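Read the structure below first, then the notes.
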Amino acid sequence: MKILQRLEQYRQEEKKLAWEGTFKDYLELVIANPKIARLSHARIYDMIVSAGVEVVNGVKRYRFFADELFGLDRTLERLVEEYFHAAARRLDVRKRILLLMGPVSGGKSTLVNLLKRGLERYTRQDEGAVYAIKDCPMHEEPLHLIPHELRQEFMEEYGIYIEGNLCPYCSLMVEEKYGNRIEEVPVKRIVFSEEKRIGIGTFSPSDPKSQDIADLTGSIDFSTIAEYGSESDPRAYRFDGELNKANRGIMEFQEMLKCDEKFLYNLLSLSQEGNFKAGRFALISADELIIAHTNEAEYRAFISNPKNEALRSRLWVLPIPYNLKVSEEVKIYEKLIRQADIDIHIAPYALWAAAVFSILSRLKESKKQGMDLIKKMKLYDGEDVEGFQQKDVAELMSEVEDEGMSGVDPRYVVNRISSALITSDTKCINALDILRALKDGLDQLPSITKEEKEKLINYIALARQEYDEIAKKEVQRAFIYSYEESARALFNNYLDNVEAYVNRTKVKDPITGEELDPDEKLMRSIEEQIGVTENAKKAFREEILIRLSSYARKGKQFDYNSHERLREAIEKKLFADMRDIVKITTSTRNPDPEQLKRINAVIDRLISEHGYCSICANELLKYVGSLLNR
Ligand SMILES: [Zn+2]
Ligand SMILES: [Zn+2]
């Protein structure tokens, strides 16, 4: 069995990870590879970058976040480059608490979790290996054993920087047990684990009255205090607060701004000085990323209080807005739906329609001439629109403040989709079902005002309009493809006529064999589709013939795809001609055998090539029929 093989492999890996040695052995490892002794921020930075970085439209995209966070490229680039990269180089920014600020379900917790789970994996790999003094309750960096007086020399000789003091527990142990022969002190490799409380900590403020600082900094051990006689004996103290346990890694501070001030001041000292006060000991060194999160309202209240000024200057605040790209929003829903294990067909563009609604609710109006929310939405999603191009995106973004900091939460959408699925017994859900479910659920949104509700209803209507356009195109395309033959026929017919026009000859009717004058009306009806004017038609036709003969000389077939503009004209013409066929075919109540054949071909095509099931393909056809007959 495969699982048994994997278990054996796993045990081998565990054995490798259980490396133990003396400080002397460790020194050899560190000198050979100084990265082993890097500080927490540098380790996290290396972890992120080692997963891979690509540049998309001038913005860095990190593989590390790519499967879980969507539409946050610019935000993540700031986080990695301005915070982690600078902190990894030991610039001042590492002394700041990283505060993620943004709306609910906007990715703050996901981001923190990615870093935590990432470190758990990274420290199991060779490039992420971490070592600690064995038995140290804070699994501290073994280089702390090197006395301060010798550190400068060590730095000069090996280029390895040492920061921090031995913890009280290790200090005593080195003295009592090893008589200060530090080279004999045992060292072991450690693997970060939130579950085992190694290198990863989480603090969540409880009721302010019962908040205990011991949760952060540890506490006196009443079971051993009688034995050691003094509260200042480290053996009578438990270094098991979250700050102790998160040493070397990451400490998550949930809802930080809800915390009592005395907690915050401990953090202030830790971030600023790299140490904190616990029990009756000298300051305790700790090297960890402190990452906190909060929402915008709490943050605004916090900074408006002058009492918080000192702490405020110690924060590095990163706004995490909601995603503003429709295509990325669809990925968020797909991920949430996958997690919910919903076994039902979701019609093409169903999630897209919901995403259009969500993104519209998050965007802010631009003052630019000719720009509206729909255009802005398309532009943000990478599509050029009339009057604006991708290069205008940055300017549009900087035009308004706080864009994406409010609006519809992706969870609302997914909850509505889920409830629509549960209450109906259909096997397939389409865009209209989802938009209806979104509308029906608006009253459940907490503290929604009448104006807000009206706005959201309007966004649902806009999303519906956008969907209608897409639906029509979907069906027309399916019709045209099943009419590939007629596209080719139209193309050949046009060429015959152009040839006769330019050479002043006649066209032979394919059926009667009759000699006819070139069909001016037909040629013009095609040329007009791409704006060829009456004055320019002669030149256009001559150019086509020149192209045709040059193809013939090279022995190449001049076909439907050979001339870009002509192909466009043919398609447009076909689309226009098709409109009536589509209209009649899709809306007829009693299709004749010919129409039925056509309908079935279109449905087959929608299913086999465009991701529809038989339910949503039939519904789409019916819906588009009703749209075209309005
Ligand atoms: Zn220690
Ligand atoms: Zn379906």
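Here the structure is a predicted model, which is why all the values come from computation and not from measurement. Atoms within each ligand, like the ligands themselves, are counted from 1 in listed order. The chain is numbered in sequence order, starting from 1.
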#### Entry: Side chain to side chain, L435 and K439, heavy atoms closer than 4.5 Å
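They are not in side-chain contact.
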### Message
Is any side-chain heavy atom of I160 closer than 4.5 Å to one of M155?
### Response
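Of all side-chain heavy-atom pairs linking I160 with M155, none is under 4.5 Å.
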### Query
Within the stated cut-off of 2.8 Å, is an N/O/S atom of C170 closer than that to the Zn ion (ligand 1)?
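An N, O or S atom of C170 is closer than 2.8 Å to the Zn ion (ligand 1), so yes.
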### Contact check: H144 to the Zn ion (ligand 1), N/O/S below 2.8 Å
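Within the cut-off used here (under 2.8 Å), H144 places no N, O or S atom near the Zn ion (ligand 1).
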### the Zn ion (ligand 1) - closest N/O/S atom in E140
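Of all N, O or S atoms belonging to E140, OE2 is the one nearest the Zn ion (ligand 1).
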### Query
Hey, what's the angle at the Zn ion (ligand 2) spanning SG (C613) and SG (C428), nearest 10 degrees?
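Taking the Zn ion (ligand 2) as the apex, I get 110° for this pair.
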### Query
Out of the N/O/S atoms in H345, what is the name of the one closest to the Zn ion (ligand 2)?
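That would be atom ND1.
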### Query
For the residue pair Y237 and F281, does the interplanar ring angle fall in the parallel (under 30°), tilted (30 to 60°) or perpendicular (over 60°) class?
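Aromatic pair Y237/F281 classed perpendicular.
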### Query
Thinking salt bridges, do R197 and E242 make one under a 4.0 Å N-O criterion?
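The answer is yes: the pair qualifies as a salt bridge.
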### Query
Does D468 come within less than 4.0 Å of K472, counting only side-chain N to carboxylate O?
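K472 and D468: not salt-bridged.
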### Query
Rounded to 10°, how many degrees is the angle SG/C136-the Zn ion (ligand 1)-SG/C167?
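Between SG of C136 and SG of C167, the angle at the Zn ion (ligand 1) is about 120°.
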